[in-house]
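Heads up, the thing below is written out as structure tokens.
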Amino acid sequence: MASPFPTAAELMVEARRMYVQTYGEEAPRMMAVCAPGRVNLIGEHTDYNQGFVLPMALPLVTVMLGSETSDQDVTVTTLNEDADEPRKIHFHLPTDGTPLSPGSPKWANYVKGVIQHYRAPPVPGFRAVICSSVPLGGGLSSSASLEVAVYTFLQQLKPDDKDEISKAVACQQAEHTHAGVPCGIMDQFVSVLGRAGQALLIDCRSMEATPVPLADPKLVILITNSNVKHHLNGSEYPTRRRQCEEAASILGKDSLRDATMKDLEDARDKMDNVTYRRAQHVIKEIDRTVRAAESLKKGEYKEFGKLMVESHNSLRDLYEVSCRELDELVTAAMEVEGVFGSRMTGGGFGGCTVTLLQAHVIDRTILHIQITTPIFTFGNRTSPLPYIFPHLVVSLLQLYLPNCEW
Ligand code: GAF
């Protein structure tokens with residue numbers, strides 16, 4: 001099945017057209033870069049606990065195209081239809097060290113944040129166009145792919161030392177300071193270091209990443225969008241993070257990465273039930289992720305699928321970051337023979353599910369999800385469409401996601 005999303009090259013053509021329309025003409029030296037979104041196969045809410053995650057980069061990308069200017073002005077236009085207004089921003093780069101503060105529109109804060117944390121300041125002025133095929137608020141790292149695209153663009157204007165992990169960390173800092181989300185490192189890390197045909201087992205403490213090949217043509221990954229938009233800059237994500245830190249502190253550990261289930265049981269009466277359940281999810285999920293990566297390496301897809309479902313149930317019951325739509329998508333997918341596993345992916349509270357299945361049952365699986373899941377009510381409006389639009393079928397052999405220069 002063909003992907004319903006434009007390729008990076010198609011997005012670049014569109015961005016170039018928009019550049020000329022917006023700024024009047026092409027500059028002598030135009031640059032174009034792209035950075036991918038991601039899907040996390042397993043290891044959820046473990047990154048800020050110094051644990052393991054297993055994401056893979058997607059052929060959904062954010063593209064940034066533009067050119068340097070001779071002044072200290074930045075002008076950026078987004079083609080993203082979901083972006084909050086206005087779609088064009090203009091600001092002056094401070095020359096006296098004054099920080100670039102976040103403000104409105106929200107999408108521009110990612111640009112400002114990355115400039116602020118760029119590792120070879122000061123950056124020159126520029127004008128650019130941004131467009132993306134990563135769905136906003138879909139749990140597929142639209143923010144990280146934007147941050148990494150902006151950072152990569154700045155690298156073309158003024159090179160830094162090209163250290164990839166520091167680049168991911170700088171983008172993570174931008175998210176903390178300018179988007180208000182105290183995220184872990186997973187999304188930015190895989191957007192910088194993810195490659196086609198593999199997932200990455202990332203140790204979020206040592207920052208070491210082990211590629212896990214995913215090039216079996218008999219296997220397909222299906223991502224289904226619940227169309228429930230998630231917003232991680234509300235209170236739930238920071239609350240989860242705080243609860244984990246509290247649990248680690250009660251256990252006398254630097255992070256939950258160092259805790260075992262025995263440690264947790266021994267300290268059961270020292271913490272409230274909610275904190276206990278959050279910690280239980282994290283400790284078991286870290287262990288599941290390591291085992292899942294092993295299963296994938298050995299081609300033991302049934303075992304991998306079982307761990308995916310355990311992960312989902314834990315996120316639903318212990319970590320409480322799932323929602324009805326995600327749960328129903330997982331249930332529907334698991335009813336089809338040939339489906340190995342399914343789970344919510346990303347921060348939760350909406351967004352997408354990820355399903356691992358045998359390639360030959362893909363059509364049947366999509367159809368089954370479409371006909372068995374009800375139409376949900378969004379706010380005060382009933383969607384006339386099944387909420388599973390759009391589907392993305394990623395044939396793993398076709399992934400190709402470099403951060404490219406044009
Ligand atoms: C979001 C965050 F940005 C990640 O760092 C990670 O914590 C994820 O939620 C949950 O696993 O995507």
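One-based numbering, in listed order, for ligands and for the atoms of each.
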### Message
Quick check on contacts: which atoms of ligand 1 are under 4.0 angstrom from a heavy atom of Met186?
### Response
6 (C), 8 (C), 11 (O)

### Subset of ligand 1 atoms that lie under 4.0 Å from at least one heavy atom of Tyr48
7 (O)

### Query
Are the side chain of Arg240 and the backbone of Tyr319 linked by a donor-acceptor contact shorter than 3.5 Å?
yes

### Message
Distance under 4.0 Å to a non-hydrogen atom of Arg38: what atoms of ligand 1 satisfy this?
### Response
12 (O)

### Location of contacts on Arg241 toward ligand 1, heavy atoms closer than 4.0 Å
neither

### Query
To which protein heavy atom is atom 4 (C) of ligand 1 closest, and what is the distance rounded to 0.1 Å?
Asp47 OD2, 3.3 Å

### Task
Say whether Asn49 and Ser255, considering side chains only, have a donor N or O and an acceptor N or O under 3.5 Å apart.
no

### Query
Considering only heavy atoms of Cys183, which atoms of ligand 1 have at least one such atom less than 4.0 Å away?
2 (C), 3 (F), 5 (O)

### Ring centroid separation His45 to Tyr237 under 6.0 Å
yes

### Query
Taking both backbone and side-chain atoms of Asn40, is any N or O found less than 3.5 Å from an N or O belonging to ligand 1?
no

### Message
Between Tyr118 and Tyr151 (judged by ring centroids, cut-off 6.0 Å), do the two rings come close enough to count as a pair?
### Response
yes

### Query
Ignoring hydrogens and geometry, is there a side-chain-to-backbone donor-acceptor pair from Thr152 to Val148 under 3.5 Å?
yes

### Task
Give the residue and atom name of whichever protein heavy atom lies nearest to atom 3 (F) of ligand 1, and the separation in Å to one decimal.
Asp187 OD2, 2.9 Å

#### Entry: Enumerated ligand 1 atoms positioned under 4.0 Å from heavy atoms of Glu44
10 (C), 11 (O)

### Task
Decide whether Arg29 and Ser67 meet the rule of one side-chain donor and one side-chain acceptor closer than 3.5 Å.
no

#### Entry: Protein heavy-atom partner closest to atom 1 (C) of ligand 1 - residue, atom, separation in Å
Leu232 CD1, 3.5 Å

### Summary
min-distance protein heavy atom vs atom 2 (C) of ligand 1 -> Tyr237 OH, 3.3 Å

### Message
List ligand 1 atoms under 4.0 Å from Gly184, heavy atoms only on the residue side.
### Response
5 (O)

### Sub-4.0 Å heavy-atom approach of Glu285 to ligand 1
no

### Query
Do Gln155 and Lys167 get their side chains close enough for a donor-acceptor pair, meaning under 3.5 Å?
yes

### Message
For a quick test of reading the model, state the closest non-hydrogen atom pair linking Leu11 to Ser132 and the distance between them.
### Response
CD1-C, 4.2 Å

### Query
With a 3.5 Å cut-off and no angle check, do the side chains of Thr177 and Gln116 form a donor-acceptor pair?
no

